[in-house]
Each structure stands twice: as C-alpha cells, then as structure tokens.
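What follows is a set of notes on a single structure, which appears directly below.
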Amino acid sequence: MPRRDRAPRAPFHSLGPLDTAIPISTGTARLTVETDGSVLLDVNGVPSSHLHPDPEHLVFEYMRWMLQVIDLHLEESGEERAAQLAHLGGGGCSLPRAVASRHPGARQIVVELDALLAERVREWFDLPRSPRLRLRVDDARTALEDWREDRFDVLVRDVFAGSVTPPELTGLASGP
C-alpha cells in the first residue's frame, strides 16, 4: 500500500502511534492519517473505521446508508430528541460519532468486545461522554440478550470478526 502524505492531527489530538501495530485485547490496531486529516483504523489487518474531522462525513458507503436510515427513522418517529440507540460493534465509533453530531439529544450505547480498543478509541477520537455515548465492553450477542426487546429506538448491527459478521448475529434470535 502506498504511503500517504501526512496531515496535521487536529482535531484528533491524542492519536496513538501512527502506521504501527498497537496491541489491543483481540490482536492489533493500526492508525493511518489520510491527507484530509481523517484517520483510518485497521483492526487485525482489516479496515474497521474511518474517522473524518467532520463527524458527519462518513467515508464507508454502508455507514452513510445507515446514517440516512437512522435520520429518516428518528424524524418520522418524532423521537429525535430522546432517541435511544444501540450499536453492536464499535470499532472507532464512526457512526455513533455522526449520530451524536446530528442528534445531540440522542443517547447511545456502543457494545465493543475489545476492552483496550474501546479505551483507546475514547481517547484517540474525543468521543462524546455518557450519557450521550456510552461504551460497553461486552460480547454483542450477550448484550443483546440482556436487553428487553423494546429498549431501543434503533439497533445497529455492525459487528465483524475479521471481514465477516459472526454467524450468531446473522439469524433470528431464539429468545430466552
């Protein structure tokens, strides 16, 4: 992969080491700063998140689709101010960061399996704090089973093991 010209770190003031393997609970993470000041986060060699200085600028196309669906749902439901969202899978929290910017009254929980990644992401990307954006270190399936069915207005499944969604999160839940 060709090296990219480095841009100033702002607004990400506390990034970890760049272009090097950073130990996390499930392997390694790597941060690469792009020419526009955005940061690509790879987890175990797979692009996981792309965070732009403008939180609403989502680089991954599927994230733009999800944000559009979330916007439409919250606007149509009238729950925009007090919306409760859960994200199964966190990575760098690109989507929760965009939702926090567009819907500042929303409360979000992000479930991330990797404790060290969750800790570092909070520091690296200056994410909003509780109650606006809570990071919960847990297995996504376990967290999902712990919650009552109607707890959230929006539930986002963005969990990957490598480059695939774990099979236990691709089918219908069988209920307790």
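This structure is a prediction, so every number in the text was calculated from the model and none was measured.
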Please check this pair: side chain of [X] against backbone of [Y], looking for a donor-acceptor N/O pair closer than 3.5 Å.
{"X": "Ser77", "Y": "His73", "answer": "yes"}
{"X": "Gln108", "Y": "Pro96", "answer": "yes"}
{"X": "Ser25", "Y": "Leu116", "answer": "yes"}
{"X": "Arg30", "Y": "Ile22", "answer": "no"}
{"X": "Arg132", "Y": "Ala106", "answer": "no"}
{"X": "Arg97", "Y": "His52", "answer": "yes"}
{"X": "Asp42", "Y": "Gly45", "answer": "no"}
{"X": "Ser94", "Y": "His50", "answer": "yes"}
{"X": "Glu112", "Y": "Gly89", "answer": "no"}

So, using salt bridge (charged side-chain N to carboxylate O under 4.0 Å, His left out) as the criterion, who are the partners of [X] when residues are at least two apart?
{"X": "Glu119", "answer": "none"}
{"X": "Asp54", "answer": "none"}
{"X": "Arg136", "answer": "Asp138, Asp146"}

Worksheet item: What pairs with Val156 under side chain to side chain contact (heavy atoms under 4.5 Å, CB included), at least two apart in sequence or on another chain?
Response: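 Partners of Val156 by the side chain to side chain contact (heavy atoms under 4.5 Å, CB included) criterion, ordered by chain and then number, come out as Met66, Ile70, His87, Leu95, Val154, Asp158.
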
Fill in: Contacts of Glu149 that satisfy side chain to side chain contact (heavy atoms under 4.5 Å, CB included) - sequence neighbours left out
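Partners of Glu149 by the side chain to side chain contact (heavy atoms under 4.5 Å, CB included) criterion come out as none, since no residue qualifies.
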
Item to complete: Indicate if Val110 and Val69 have the same hydrophobic cluster label, given that clusters are the connected sets of ILVMFWY residues with side-chain heavy-atom separations under 4.5 angstrom.
Response: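 No, Val110 and Val69 fall in different hydrophobic clusters.
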
Item to complete: Sort and list the pairs that fulfil ring pair (Phe, Tyr, Trp, His ring centres under 6.0 Å) and have at least one residue in residues 127-152, not counting sequence neighbours.
Response: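 Listed by first then second residue: Trp147-Phe152.
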
